[in-house]
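In what follows, a structure is listed as C-alpha cells, so that the remarks can point back to it.
Computed from a prediction, not measured in an experiment: that's the story for all the values here.
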Amino acid sequence: MGATRTPTTLVHSGRGPGGVGDSAPRPDGTLKVTGEFAYSSDMWHEDMLWGATLRSPHAHARIRSIDVSEALALAGVHAVLTHDDLPTEVRHYGLEIRDTPVLARDRVRHHGEPVALVAADHPETARRAVERIRVEYAELPVVHDEATALAADAPLLHPDRDDEHAAHVPHPNIVHRQPIVRGDVAAARARADVIVTGEYEVGMQDQAFLGPESGLAVPGEDGGVDLHVATQWLHADLRQIAPVLGLPEEKVRMTLSGVGGAFGGREDLSMQIHACLLALRTGKPVKIVYNRYESFFGHVHRHPAKLSYEHGATRDGRITHMTCRIVLDGGAYASSSPAVVGNASSLSAGPYVIDDVDIEALALYTNNPPCGAMRGFGAVQACFAYEAQMDRLAGELGMDPVEFRRLNALSEGGVLPTGQRLDSPAPVAELLRRVKALPLPPERQWETGDEAGTFVDLRALPGGLSNSTHGEGVVRGVGYAAGIKNVGFSEGFDDYSTARVRLAVVGGEAVALVHTAMAEVGQGGVTVQAQIARTELGVERVTLNPADTRVGSAGSTSASRQTYVTGGAVKHVCEIVREKVLELGRARFGAQNPAWTTAGLRLAGGKVVTGGGEVLADLADVLADETIDVEREWRHRPTQAFDRHTGQGDGHVQYSFAAHRAVVEVDTELGLVKVVELACAQDVGKAVNPQAVVGQVQGATVQGLGLAVMEEIVVDPEAKVRNPSFTDYLIPTILDTPTIPVDVLELADPNAPYGLRGAGEAPTLSATPAVVAAIRQATGLALARAPVRPEHLTGT
C-alpha cells in the first residue's frame with residue numbers, strides 16, 4: 001500500500017529541567033511558530049484519493065430522490081456513496097444520543113447536513129463530482145425557535161426517539177430538561193427589599209479553530225482501517241465509528257494527527273466515518289480536508305440561549321432568592337446538549353450564596369445548526385445573565401458592584417443550589433478584590449495633534465485603522481464579573497484516564513517513555529505529562545509516544561480535565577513505577593546498605609536518594625538491563641447524577657473560579673468599542689506550568705472578548721447560516737486584543753493531584769460579562785444581549 005507520511009513531530013522527546021511548577025518549554029512550540037509542525041491537513045499518502053461531501057442547501061426538507069450517475073461518470077471519480085451504500089444497519093452516531101445520521105436518508109434537518117460522499121483522484125475533481133449529484137428536495141416547515149419548536153402543531157424532528165431523556169421531557173422537541181429547586185422561593189421573595197428581573201440573550205458562537213477538519217483513512221490488509229485524524233477524544237470517536245463500519249474496534253486503528261485548535265468543536269465526529277467509508281469502498285487511502293466554508297457546517301457551535309432571571313436582595317445587600325429559566329437552542333441533533341443543560345442549570349446561580357432557588361434549563365431540537373461543546377459549556381451563557389443581574393442589584397441598592405459581589409461570594413464550605421458543599425478553597429471574594437486592586441490603565445489623551453506634531457495612534461481608538469474617529473464622542477467604562485465553572489465530566493460519568501509508563505536504560509541513562517491517548521489540541525498537555533514524569537521519576541529524558549488507540553482511553557480534551565485526569569493517571573503510574581524501582585534497588589543493594597530499607601526514598605537527578613539527600617545509587621545502575629512497564633487507569637472521586645425533579649446531587653468533582661475587570665472605550669456616535677484592558681484573577685490550585693497557565697487564561701479571555709463584541713453565527717428565520725466565512729464571522733485579531741494582566745492564585749485542592757485546579761475554561765465565562773458591563777457603564781445602556789453590535793449602541 002505504501003507508507004503513510006505521519007507527523008513525526010507528535011513524538012515528543014526532550015531532556016530536562018522542567019518538573020511540576022516550572023515553566024517548561026513546549027516541545028512542539030518552536031515547530032508551531034516557525035510553521036514546521038505537521039497538522040492533520042498536511043497528511044499525505046503516495047496513492048491517496050480525495051474525499052468531498054455534498055451538503056443540503058435546505059434546513060428542513062424531504063429527500064425525494066438522489067441521482068449520482070453524472071458524478072460517477074466523471075473521469076477520476078472512484079466512488080460516490082449515499083445513505084443506501086452504508087455497510088450495516090447502524091446508520092446513526094452521537095456522543096450521548098445516537099440521533100445523527102451518517103448520511104441523510106429521507107430527510108435533512110439542518111442547512112449543510114451531509115447527503116452524499118465522493119472519492120476522486122484530485123480535490124477539484126471531487127468538488128466537480130459533488131456538483132453533479134442531483135438531489136430532489138421537498139422543503140418542510142422550519143423549526144427555528146422556542147415558539148415553533150414547542151407549538152402544538154410543531155413538526156417533530158425526532159418523532160421516534162427512545163433515548164434516556166425522552167420520557168422525562170414534556171415535548172419531544174426538548175432534548176433534555178433539568179430543574180433545580182432548593183429552599184422556599186416564595187418566602188424568600190417576601191423578605192426581599194428589592195427585586196430585579198431581566199431577559200437576556202447570547203448568540204451562537206463558533207469555536208473558530210484555525211485548522212479545519214481533516215484526516216486520512218488508510219485501508220488495512222486485514223480488512224480494517226487506519227485513521228489519522230485531528231480530534232479531541234480518540235476513543236469516543238472509535239466507539240461511534242466502528243459500529244457504522246461493521247468492524248470490531250480493534251480493526252479501527254486511530255492515531256492523533258496535529259490538531260490546529262479545538263475548543264469543543266472536535267468532540268463530535270465530522271469527516272471520520274466518511275473518510276473510512278470511502279477508503280474501505282475504494283481500497284485506497286482517502287484524505288478529507290474541509291475548507292473554511294465547509295468547516296462552519298462540519299462541527300457544532302456554542303448553544304445560543306435566552307435566559308430569564310429574577311433576583312431579590314435585602315437592603316443590606318444580601319441576595320434572598322433567584323429564579324431563572326434558560327432555553328438553549330440545540331439545533332438539529334443532540335450532540336452534548338444534555339450535559340450542557342446540566343452545566344447551565346447547576347451553575348446558573350454563579351459563585352454566590354443563594355439558598356432559595358427555582359431553576360429550569362432545557363435544550364431544544366430545532367432546524368438550526370447543531371450545537372454542542374464549546375469552551376465554557378453552558379456556564380458561559382448563564383454567567384452573562386447572572387452577572388448582569390449582579391450589577392442591576394448593586395445599582396438598585398446603591399452599592400459598589402464589586403463589594404456587592406464580595407458580600408455574597410461563595411467560600412469554602414458554602415453550599416451550591418444543587419446541595420453540593422464546596423470542600424476546597426473558593427476564593428471568590430479575594431479574586432474580586434485582587435482584580436479591582438490592579439492599577440487601571442492611564443486615561444488616553446484624545447487631542448488629534450499639537451504644535452509638536454504628535455498624534456494619537458489610531459490603532460488605540462475604537463474603529464482602529466479605519467480612521468473613523470480621532471477621539472470625539474469616545475467615553476471610557478469599567479466593568480467587573482466573576483464566574484464559576486465545573487472541572488471534569490460530571491453527573492456520575494465514569495471519568496477516567498489511562499497512562500502507560502516505561503522506564504529503561506538507554507545509552508547509559510534512565511529514560512521514561514509515556515504513552516496516553518490524550519489529544520494535544522494546543523493546550524500544552526504534552527508538556528505537562530513530561531513535567532510530571534520528570535518530577536515523579538527523577539529523570540531528565542522523557543519521550544511521549546503518539547496518542548493512539550493502542551493504549552486505553554484518556555477521555556476528552558475538554559472540561560478543563562486533562563491536567564487533572566490524565567496528569568493524575570501519569571502521576572499514579574509513575575508512582576507505581578517508582579516503587580518498583582525501589583523494590584529492585586532493595587533486592588540488589590539492600591543487603592549491603594541498610595539505608596535502602598528506610599522510608600522516604602525518592603528519585604531525583606537520575607539517582608535514588610534518601611529523605612536527607614544521601615545518594616544511594618544511580619538510577620541506571622538500579623535498572624541495569626531491566627525495563628519497568630506499567631499501564632493503569634486512574635479516576636477522580638465519583639460524582640452523581642442530579643435528581644431529575646429537584647436537581648440535587650454532588651454532580652461535579654471540582655470547581656474553578658475567575659474574575660475579570662474590563663476597561664473599554666466606546667465611540668457613542670458610531671457604536672464602536674475598543675477593549676483597552678481585560679485583567680483577570682484566577683485560582684488554579686497549583687500552576688503545574690505557570691507560563692502555560694497564563695497563556696490559557698489569556699486565550700480564554702480573548703474568546704470571551706470575541707463573544708462580547710463581535711463573534712456570532714447569524715442564522716436567519718429559515719434556519720440558514722448567513723456568514724460561514726472569516727470574512728463575515730469576525731474573531732479578535734492581535735489588533736483587537738488588549739493588555740491582559742493575570743493574577744494567579746495557588747490555593748490547593750486537597751482532592752486533586754498536586755492540588756491543581758482545571759484552568760482552561762473559567763476565564764471564558766467572566767470575560768464576556770465584564771466587557772459588556774464596562775460598555776454599559778460607559779454608555780448607560782441596558783445591553784441585555786451578547787455580542788454587542790454597533791446598532792445596539794447607536795439605536796440605528
Side-chain angles (χ1 to χ4, degrees), residues 1-8 38-57 66-87 102-104 112-135 211-231 241 244-247 251-255 257-258 260 269-295 297-298:
M1 293 293 295
T4 305
R5 193 174 79 198
T6 57
T8 56
Y39 289 97
S40 186
S41 55
D42 297 316
M43 296 289 292
W44 195 269
H45 197 284
E46 60 186 18
D47 58 349
M48 72 183 187
L49 303 175
W50 294 81
T53 310
L54 174 69
R55 297 180 178 275
S56 169
I66 304 177
D67 183 355
V68 302
S69 58
E70 286 188 39
L72 280 170
L74 187 64
V77 171
H78 287 247
V80 180
L81 303 182
T82 69
H83 182 278
D84 292 335
D85 298 304
L86 299 181
V102 174
L103 293 169
E113 181 163 351
V115 176
L117 306 172
V118 169
D121 57 10
H122 190 279
E124 180 61 22
T125 304
R127 185 191 66 79
R128 288 191 289 116
V130 162
E131 293 177 349
R132 292 187 176 204
I133 300 172
R134 306 299 176 212
V135 183
E213 292 83 347
S214 55
L216 175 66
V218 183
E221 294 179 358
D222 63 350
V225 64
D226 291 272
L227 179 62
H228 304 262
V229 68
T231 182
I241 294 168
V244 175
L245 302 181
L247 293 173
K251 284 196 174 185
V252 182
R253 297 166 290 268
M254 299 188 63
T255 302
S257 295
L269 298 182
S270 57
M271 45 59 62
Q272 287 94 320
I273 295 177
H274 296 165
C276 291
L277 287 169
L278 290 170
L280 292 170
R281 170 60 70 94
T282 63
K284 289 179 172 288
V286 174
K287 177 176 178 177
I288 296 179
V289 180
Y290 290 174
N291 59 29
R292 182 58 56 187
Y293 174 88
E294 189 172 17
S295 181
F297 299 101

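Residues passing the salt bridge (Lys or Arg N to Asp or Glu O under 4.0 Å) test with Asp84, sequence neighbours excluded: none. Residues passing the salt bridge (Lys or Arg N to Asp or Glu O under 4.0 Å) test with Arg134 are Glu70, sequence neighbours excluded. Tyr290 meets the ring pair (Phe, Tyr, Trp, His ring centres under 6.0 Å) test with no other residue; sequence neighbours excluded. Glu213 meets the side chain to side chain donor-acceptor pair (under 3.5 Å) test with Ser295, His299; sequence neighbours excluded. Considering only residues two or more places apart in sequence or on other chains, His83 meets the side chain to side chain donor-acceptor pair (under 3.5 Å) condition with Arg91. Residues passing the salt bridge (Lys or Arg N to Asp or Glu O under 4.0 Å) test with Arg128: none are found, sequence neighbours excluded.
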When you look at Arg127 and Trp50, which way does the side-chain contact (heavy atoms from CB on, under 4.5 Å) test go after all the steps?
CA-CA 9 Å; Arg127 185 191 66 79; Trp50 294 81; over 6 Å; no
Can you list the steps and then say if Asp226 with His228 is a side chain to side chain donor-acceptor pair (under 3.5 Å)?
CA-CA 7 Å; Asp226 291 272; His228 304 262; 5.4 Å; no
Derivation of the side-chain contact (heavy atoms from CB on, under 4.5 Å) call for Leu54 and Val118:
CA-CA 8 Å; Leu54 174 69; Val118 169; over 6 Å; no
Could you please spell out the steps behind the side-chain contact (heavy atoms from CB on, under 4.5 Å) verdict for Leu245 and Lys251?
CA-CA 10 Å; Leu245 302 181; Lys251 284 196 174 185; over 6 Å; no
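Closest of all the heavy-atom pairs between Leu81 and Leu103 is O-CD1, 3.9 Å. Minimum interatomic distance between Val102 and His274 (heavy atoms only, all atoms of both residues): O-NE2, 2.9 Å.
With hydrogens and angles left out, the side-chain atoms of Ser41 and Ser214 include no donor and acceptor closer than 3.5 Å.
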